[in-house]
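A quick write-up on the structure given underneath.
We count ligands from 1, going down the list as the structure has it; atoms in each ligand are counted the same way. Just so it is clear, the structure is predicted and the values come from calculations on it, not from any experiment. FYI, the numbering just counts along the sequence from 1.
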Amino acid sequence: PLLIQSFPAVKLHLTGAVMRATEVEFDKAKEHLKTLKNDPGNDTKLRIYALFKQATQGSCSSPKPGMLDFVNKAKWEAWNSLGNISKEDARQKYVDLVGTLISSEAPIQKEATTAGDPKSSYQTLQVTTENNITTILLNRPEKKNAISRKMYEEIMQALEQAGKDDSVLTVMTGSGDYYCSGNDLSNFTQVGAEGVEKLARDSGELLTRYVSHFIDFPKPLIAVVNGPAVGIAVTGLGLFDVVYATDRATFHAPFSQLGQSPEGCSSYTFPKMMGTAKANEILLFNKKLTAAQACDLGLVTEVFPDNTFQQEVWKKLRAYAKLPKDSLRYSKQLIRGMEKEKLHAVNAQECVRLQERWLSEECMNAIMSFFQNKSKL
Ligand SMILES: CCCCC/C=C/CC(=O)SCCNC(=O)CCNC(=O)[C@H](O)C(C)(C)COP(=O)(O)OP(=O)(O)OC[C@H]1O[C@@H](n2cnc3c(N)ncnc32)[C@H](O)[C@@H]1OP(=O)(O)O
């Protein structure tokens with residue numbers, strides 16, 4: 001219902017009848033769509049809309065709406081971008097896309113409502129345990145899962161619980177069309193009576209603790225990157241043990257553009273992983289990577305087609321989660337243990353530099369510019 005309310009055009013078209021071979025599947029997908037609990041985000045809603053139009057009416061032939069008619073122009077562009085794909089192909093893609101959205105919510109709906117379970121008390125996350133896997137779902141899809149102060153605290157709390165619970169693996173993933181758009185820029189606009197210096201100090205302390213939770217996490221930690229990742233959601237990936245990404249994901253760490261500097265230990269993990277020259281393009285010059293490029297550079301373990309991403313990844317993870325828990329834990333300790341001290345030192349150094357950066361004119365201008373709607377990435 002959330003999806004339908006927020007995108008009335010889709011509702012309008014859901015009433016149309018389609019007399020085709022996949023009619024039953026297509027009709028089922030339309031019904032399933034109405035049961036989605038989480039808003040999948042504008043990009044996905046536009047794709048659903050476009051596939052629906054193509055499946056029911058064929059290629060787009062209507063005139064392009066005017067420049068100022070933003071909503072209809074975005075819808076027209078999404079539909080037009082499907083070109084000449086057949087109605088049958090569009091119908092299949094529609095069914096696949098809805099299936100992916102539903103399956104990404106399925107395990108969550110089953111467990112998140114357990115009465116008295118501390119996992120159900122999060123405001124910015126959904127945390128569930130099933131099949132020996134604890135999943136931390138970043139759950140602010142309307143803000144592209146930007147990490148607010150509350151969310152930083154809740155992720156740390158969820159990691160502490162997951163580190164101690166009976167699960168074998170811990171997974172982090174995003175709700176909606178983004179994995180995560182990085183630090184919530186409004187974290188820097190909430191200046192208290194004690195001024196910006198205090199805000200920068202508190203932010204540095206928060207970030208140091210946040211990154212430390214990843215450095216010290218004792219079990220295999222897996223990122224299921226379901227869409228674009230920005231800023232700290234990219235840099236922190238160097239502290240995960242395995243990173244699976246949809247081919248729709250992009251990886252962007254635009255620090256100099258934002259007047260900031262690298263964090264999440266990326267000033268150490270990225271050059272080590274991919275070589276200094278490649279790391280510099282990303283960390284100094286804001287290069288946005290495709291999923292395939294990120295995989296070639298070693299930041300991503302494997303890339304999957306978007307329409308089978310959830311099925312393929314979760315099948316793999318369920319198999320891994322049957323492996324002996326202690327063996328995995330000790331193996332991770334051997335692989336990562338030697339570097340822990342170094343990583344904590346890098347984290348501390350990065351946070352000191354960031355505290356200075358957050359007080360700089362370069363950074364303040366970039367944040368103001370974003371909120372005045374002048375600059376998106
Ligand atoms: C405690 C301090 C710790 C600091 C740690 C430091 C970390 C460094 C970083 O993480 S740097 C990266 C910071 N992130 C950004 O600069 C991303 C900013 N966002 C964008 O450029 C765009 O929103 C986008 C490209 C991610 C998505 O664009 P799109 O057009 O698809 O969607 P919208 O812009 O309409 O987004 C929907 C709403 O979400 C809000 N939003 C998205 N990202 C952020 C964000 N990072 N911070 C705050 N708000 C964000 C956006 O404003 C829209 O909100 P609205 O519907 O209320 O307008």
Heteroatom distance test ([X], ligand 1): nitrogen or oxygen, under 3.5 angstrom:
X: Leu206; result: no
X: Asn183; result: yes
X: Lys143; result: yes
X: Pro254; result: no

Polar contact flag, side-chain donor to acceptor under 3.5 angstrom, Asn347-Thr208: no

Taking only non-hydrogen atoms of Tyr210, do any sit less than 4.0 angstrom from ligand 1? no

Under the criterion salt bridge (Lys or Arg N to Asp or Glu O under 4.0 Å), which of Lys143, Lys144, Arg140 is the partner of Asp184? Arg140

Any residue meeting side-chain contact (heavy atoms from CB on, under 4.5 Å) with Lys219, in chain and number order, not counting sequence neighbours: Asp165, Ser167, Thr170, Phe217, Arg329

Closer than 4.0 Å to some heavy atom of [X] - which atoms of ligand 1 meet that?
X: Glu263; answer: 6 (C), 7 (C), 8 (C)
X: Glu142; answer: 37 (C), 38 (C), 39 (O)
X: Ala146; answer: 44 (C), 45 (C), 46 (N), 47 (N)
X: Trp358; answer: 4 (C)
X: Gly231; answer: 9 (C), 10 (O), 11 (S), 12 (C)
X: Gly182; answer: 10 (O)

Which ring pair (Phe, Tyr, Trp, His ring centres under 6.0 Å) pairs, counting each pair once, include a residue from residues 250-279, with sequence neighbours left out? none

For atom 36 (O) of ligand 1, state which one of Arg140, His252, Lys144, Met151 supplies the nearest heavy atom. Lys144

Main-chain N/O of Ile215 paired with Arg336 side-chain donor or acceptor, under 3.5 Å: no

For ligand 1, note which part of Ile147 has a heavy atom under 4.0 Å away: side chain, backbone, both or neither. neither

Quick one: closest heavy-atom pair of Ser203 and Trp358, and the distance? CB-CZ3, 3.3 Å

Check for me, please, whether Ile232 and Val243 land in the same ILVMFWY cluster - side-chain distances under 4.5 Å, paths through other members count. yes

Begin from the C-alpha positions of Glu153 and Arg149 and carry the test salt bridge (Lys or Arg N to Asp or Glu O under 4.0 Å) through to its verdict. CA-CA 6 Å; Glu153 294 291 353; Arg149 284 175 192 277; over 6 Å; no

